[in-house]
Amino acid sequence: MRLRVEFTTEPFDLDEAPAHAVVAREVIRTAELDAVDVGPFGNTAEGGADQVLTAVDSLLRKALASGATRVSLQVNVIGEDTP
């Protein structure tokens, strides 16, 4: 199964990316995911179910430990893995 995750972390800071946002983006960038898109107001990535779920676990733990007070995320099934 393939999944797409979309997420944001709060609190926002429009002047400089907070530590929790930087950490969360780094988790996604370094995970074994594809179609990664990070931006100032939202981030998305796609990949196999195991890879996405592992990345989400790490993202939540590290963002919260780095000062996030809220993490909003959505996970969607987008298809089946192809061999």
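Note that the structure is predicted; figures quoted are calculated from it, not measured.
Cluster membership for Leu33 and Leu73, using ILVMFWY side-chain heavy atoms within less than 4.5 angstrom, is shared. Cluster membership check: Leu64 does not share its hydrophobic cluster with Val22, using side-chain heavy-atom separations under 4.5 Å among Ile, Leu, Val, Met, Phe, Trp and Tyr. Taking hydrophobic clusters as Ile, Leu, Val, Met, Phe, Trp and Tyr residues chained together by side-chain heavy-atom distances below 4.5 Å, Val75 does not share a cluster with Ile78.
Around atom CD of Glu6, more than 12 heavy atoms belonging to other residues, nucleotides or ligands sit under 6.0 Å away.
When each of Ile28, Leu60, Thr44 is paired with Phe7, the side-chain contact (heavy atoms from CB on, under 4.5 Å) condition holds for Ile28 and for no other.
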*Test side-chain contact (heavy atoms from CB on, under 4.5 Å) applied to Asp34 and Arg2, step by step*: CA-CA 11 Å; Asp34 36 77; Arg2 288 189 52 77; 2.7 Å; yes
*After noting the C-alpha distance and the side-chain angles of Val36 and Val38, does the key distance pass the side-chain contact (heavy atoms from CB on, under 4.5 Å) rule?*
CA-CA 7 Å; Val36 174; Val38 296; 4.2 Å; yes
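The two residues Pro11 and Thr69 make their nearest non-hydrogen contact at CD-OG1, 3.5 Å. Scanning both residues, Thr9 and Ala63, for their nearest heavy atoms gives CG2-CB, 4.2 Å.
No side-chain heavy atom of Val71 sits under 4.5 Å from any side-chain heavy atom of Thr8.
A donor-acceptor pair is defined here as one N or O able to donate and one able to accept, closer than 3.5 Å; no such pair exists between the side chain of His20 and the backbone of Arg70.
Ion pairing between a basic and an acidic side chain is recognised when a charged N comes within 4.0 Å of a carboxylate O; Asp37 and Arg4 show no such pairing.
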